[in-house]
Amino acid sequence: MMRFRDYVALAFRSLRRSRLRSGLTISALLVGATGVTIMLTFVTSVKNAVVSQFVQTGQVRQIVVAENPNLSYDPSGFVGGGPGPGPGGGSAPASKMTPALEAEIAAIPHVSAVSAMFSNNGPGAGIEYISLGTKRLQAQFSAYQPNGAIEPPLVAGRDLGSSDTSDVILVSQDYADALGFKNAYTSLVGQTLELHTRSGYTGVGATLPQVLPPQNPQCGPNQRGPVDCGPTGSLPAIVLHARVVGVVSKEFRGQTTFIPLSWMVGISDAAQPKSVQYAQQSNFGRGQCGPGQPCQPGRSCTPNQPCRQPNQPASQCQPGPQCGQQGPGTVTGGWTRDSTDKFITDGGGFQSMIVDADNIANVAPIASSIDHLGVNAATGLAALAEQKNKANALGAVLGALGLIALGIAALGVTNTMVMSVLERTREIGVMRALGARRSTIRRLFTFEAAALGFFGGLFGVIIGYVFVLVAKPIIGRAVKSGKLTGLNFSVPIWLIVLVIAGTTAIGFVSGLLPARRAAKLDPVEALRYE
C-alpha cells in the first residue's frame with residue numbers, strides 16, 4: 001500500500017518530467033487565482049471600511065427623520081424636511097417636523113438623543129455674507145443641536161459642544177479652502193469670522209432702538225431690488241462674530257458652515273415693534289395717497305412728492321398730501337419676537353432630525369415607532385445593509401469573472417492529465433503487473449491534478465499579494481480625502497486559504513476523468529503499448 005509521501009514523490013517526478021506542459025497548466029491557474037485574489041481583496045477591503053466607518057461613527061445606531069417620502073439615510077441629516085411656505089409666499093400643508101414632534105421622539109424608549117436641524121434656505125435668512133480679512137464669501141448656514149447625535153467628521157479642531165450656544169462656527173473644507181487655508185486647516189481654527197447682516201436686521205445681537213430711522217428712500221411705486229420697506233427696513237446692518245472651532249470634511253456636507261441651532265434661531269427670528277407712531281403720517285383714506293396707490297382718479301404719487309395730474313407740468317402742481325409715512329417713528333409697546341417653538345413651526349418646521357438609539361438592537365423598534373407618528377424614518381443600519389449588499393453583489397460579479405478564468409484553466413488541467421495518461425500507459429501497465437490496485441492508480445493521477453491546482457493557487461496568491469503591497473500606497477493616496485478614508489487594502493487570511501483550496505479542488509475535479517481512464521487500463525494491453 002502506497003503512503004502519502006509516495007504519492008507526493010511520484011507526483012513531483014511526473015511534473016518535473018513534463019516541465020513545460022506542467023508550467024503552462026499552472027500558469028493558466030495562476031492567472032485566474034491572481035485575478036480572484038486582487039478583485040476579492042478590493043471588494044472585501046471596501047466592505048470592511050464601510051462597516052468600520054458605520055460602527056466607529058455610531059451611524060449604525062442613527063435614524064434620520066423627515067417628511068420626505070423618498071427618504072434615504074444621510075449621516076449629515078440634511079435630507080429635506082417639511083413642506084414649508086409655498087411658492088411666492090403661498091400656503092402649504094402644516095409641517096409635522098416641529099419641536100413638539102421632537103419631544104415625542106425623545107420620549108420613545110431607548111432613544112438616547114435627538115438633534116434637529118435646518119439650513120438658511122428657509123427660516124435661516126439674516127446674514128448677507130461672511131468675511132475674514134479681505135475674503136468675502138456667500139453665507140450658507142446649516143444648524144443642528146450639538147448634543148452628540150450628529151458628529152461630523154473633522155479634519156481639524158473640535159465639534160460643536162453642548163455648551164456652545166452662540167458665537168462659534170464650523171466650516172467645511174470648501175469654505176476653508178476659499179478663505180485661503182487649503183491644507184492648513186489647523187491654522188484656521190481659532191480665527192474669528194465676521195458675519196455681516198442685511199439692513200433691517202433685528203435678530204440676536206441687534207440694537208432695538210426706541211426711535212426708528214426714516215423710511216428707506218428707495219421704497220415706493222418705482223421700487224427696484226430687494227428693499228425692506230417695513231418699519232424696521234432702515235435699521236443699519238451689523239456685524240456678528242464667530243470663532244472657528246473646527247473644519248468639517250467636505251464629504252460630510254460641502255460648501256456650508258455649521259452653527260448651533262439655538263444661535264441660528266436667534267439670528268433668524270426677527271424682532272418686530274408692537275406699534276409705531278410717526279411724527280407725520282398720511283391718511284390713507286379716499287382721496288389721499290399712499291405708496292404705490294392712486295390718491296385720486298387719474299392721479300398717482302411717489303414718495304415725498306405731492307400728487308398731480310398725469311402729464312401736468314411740475315410748476316402747475318397743486319399742493320397735496322405727501323406719500324408714505326414720515327419719520328421718525330417712535331416704538332410704542334416695546335419689541336416682540338416669536339417663541340422658538342412658534343418660529344420653527346410657522347417657518348415650515350425642522351428640515352430633519354437625527355435620532356440616536358442606545359443600542360443597535362433597538363434601532364428597528366424605534367424607527368417603527370417614529371413611522372407611526374406620521375413622518376418617515378431611515379436607519380443607518382438599513383443603509384449599512386444596503387452598502388454590504390452592493391459590495392457582495394460586486395464581489396459575486398468579480399468572483400464569477402475569476403471563476404470563468406479558472407474554469408478555462410480547468411480544461412487545461414484535464415488536457416494535461418489526459419496527455420500524461422497516454423504517455424505513461426506502459427508505466428501504468430508495469431505498476432498494475434506489480435500489484436498496484438486500480439484505486440491506487442486513480443489516486444495517483446488525481447493527486448497529480450490536485451498538485452497542479454495547488455501550485456497554481458499558491459503562486460497566484462503570492463503574485464496577488466505582491467500586487468496589493470505595491471498598489472496599497474497608490475490606492476491609499478487616492479482615497480485619502482474620500483469617503484473610504486479608513487480603507488485597509490490587504491489580503492485577508494481566509495481569502496488566501498479559500499483561493500488555494502479552490503484551485504486545488506478545481507485541479508482535483510479536473511483530474512478525475514483522466515484518473516478513472518488510467519485506472520481502467522488493461523495491464524496486458526498497457527504493457528504492449530508503445
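By convention here, the first residue in the shown sequence is residue 1. No hydrogens, no waters, no symmetry mates; every other heavy atom, side chains included, goes into these values.
Contact annotation: the side chain of Trp494 approaches that of Thr44 to within less than 4.5 Å [non-hydrogen atoms, C-beta and beyond]. At least one side-chain heavy atom of Leu160 sits under 4.5 Å from a side-chain heavy atom of Val168. Counting heavy atoms from C-beta on, the side chains of Gln173 and Val248 never come closer than 4.5 Å. Between Val60 and Phe54 there is a side-chain heavy-atom pair separated by less than 4.5 Å. No side-chain heavy atom of Met117 sits less than 4.5 Å from a side-chain heavy atom of Gln145. Side-chain contact between Leu193 and Leu179 is present, with heavy atoms from C-beta onward closer than 4.5 Å. Residues Val276 and Thr332 are not in side-chain contact: their nearest non-hydrogen atoms beyond the backbone lie 4.5 Å or more apart. At least one side-chain heavy atom of Trp335 sits less than 4.5 Å from a side-chain heavy atom of Thr232.
Remark: Phe181 CZ to Tyr175 OH distance equals 15.5 Å, nearest 0.5 Å. Here Ser172 contributes atom OG and Phe258 contributes atom CZ; the two are 6.5 Å apart, rounded to the nearest 0.5 Å. For the atom pair CD of Glu151 and OG of Ser115, the computed distance is 10.5 Å after rounding to the nearest 0.5 Å. Expressed to the nearest 0.5 Å, how far OG of Ser249 lies from CG of Asp174 amounts to 9.5 Å. Note: Asp167 CG to Trp263 CH2 = 5.0 Å, rounded to the nearest 0.5 Å. Taking CG of Leu495 as the start and OG1 of Thr41 as the end, the distance is 4.5 Å to the nearest 0.5 Å.
For Thr34, the side-chain contact (heavy atoms from CB on, under 4.5 Å) test picks out Leu30, Ile38, Ile463, with sequence neighbours left out. For the side-chain contact (heavy atoms from CB on, under 4.5 Å) test, residues two or more places apart in sequence or in another chain that qualify with Asp356 are Arg61, Gln62, Ser112, Ala113, Ala149. Listed by chain and residue number, Thr98, Pro99 satisfy the side-chain contact (heavy atoms from CB on, under 4.5 Å) test with Thr345 (two or more places apart in sequence, or in another chain). Residues meeting the salt bridge (charged side-chain N to carboxylate O under 4.0 Å, His left out) test with Arg158, sequence neighbours left out: Asp164.
The two residues Phe141 and Met264 make their nearest non-hydrogen contact at CB-CE, 3.6 Å. Contact record, Val363 with Ile63: O-CD1, 3.6 Å, taken as the closest heavy-atom pair. The shortest heavy-atom contact between His110 and Ile366 is O-CD1, 3.5 Å. When all heavy atoms of Ala391 and Val43 are compared, the closest pair comes out as O-CG1, 3.2 Å. Contact record, Val64 with Leu71: O-CD2, 3.5 Å, taken as the closest heavy-atom pair. Minimum interatomic distance between Gly402 and Met39 (heavy atoms only, all atoms of both residues): N-CE, 4.0 Å.
In this structure, Tyr201 contributes its side chain and Val204 its backbone to a donor-acceptor pair below 3.5 Å. Not one N or O on the side chain of Asp269 forms a donor-acceptor pair closer than 3.5 Å with the backbone of Val265. No donor-acceptor pair closer than 3.5 Å links the side chain of Asp341 to the backbone N or O of Ala100. With hydrogens and angles disregarded, a donor-acceptor distance shorter than 3.5 Å links the side chain of Gln210 to the backbone of Val331.
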Which donor-acceptor pairs under 3.5 Å do side chains of residues 369-385 form with protein atoms, sequence neighbours excluded?
unit_1	atom_1	unit_2	atom_2	d
Ser369	OG	Pro365	O	3.1
Asp371	OD1	Ala377	N	3.4
His372	ND1	Ser368	O	2.7
Asn376	ND2	Glu67	O	3.4
Asn376	ND2	Asn68	O	3.1
Thr379	OG1	Ala382	N	3.0

Listing, residues 126-136 side-chain donor-acceptor contacts under 3.5 Å, not counting sequence neighbours, or none:
unit_1	atom_1	unit_2	atom_2	d
Tyr129	OH	Arg136	NH2	3.3
Tyr129	OH	His196	ND1	3.3
Ser131	OG	Glu194	OE1	3.4
Ser131	OG	His196	NE2	2.8

*Determine, stepwise, if the pair Thr37 / Val491 fulfils side-chain contact (heavy atoms from CB on, under 4.5 Å).*
CA-CA 8 Å; Thr37 301; Val491 183; 4.2 Å; yes
_Verdict with reasoning, Met353 to Met97, per side-chain contact (heavy atoms from CB on, under 4.5 Å)_ = CA-CA 8 Å; Met353 300 179 195; Met97 300 292 291; 3.8 Å; yes
*What do the steps show when you test Asn147 against Ser162 for side-chain contact (heavy atoms from CB on, under 4.5 Å), and what is the final call?*
CA-CA 5 Å; Asn147 55 12; Ser162 57; 5.8 Å; no
*Hey, mind stepping through Arg243 and Gln191 against side-chain contact (heavy atoms from CB on, under 4.5 Å) and telling me if it holds?*
CA-CA 6 Å; Arg243 180 170 52 88; Gln191 300 277 352; over 6 Å; no
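Between Ser142 and Thr256, the side chains place a donor N or O and an acceptor N or O closer than 3.5 Å (distance only, hydrogens not considered).
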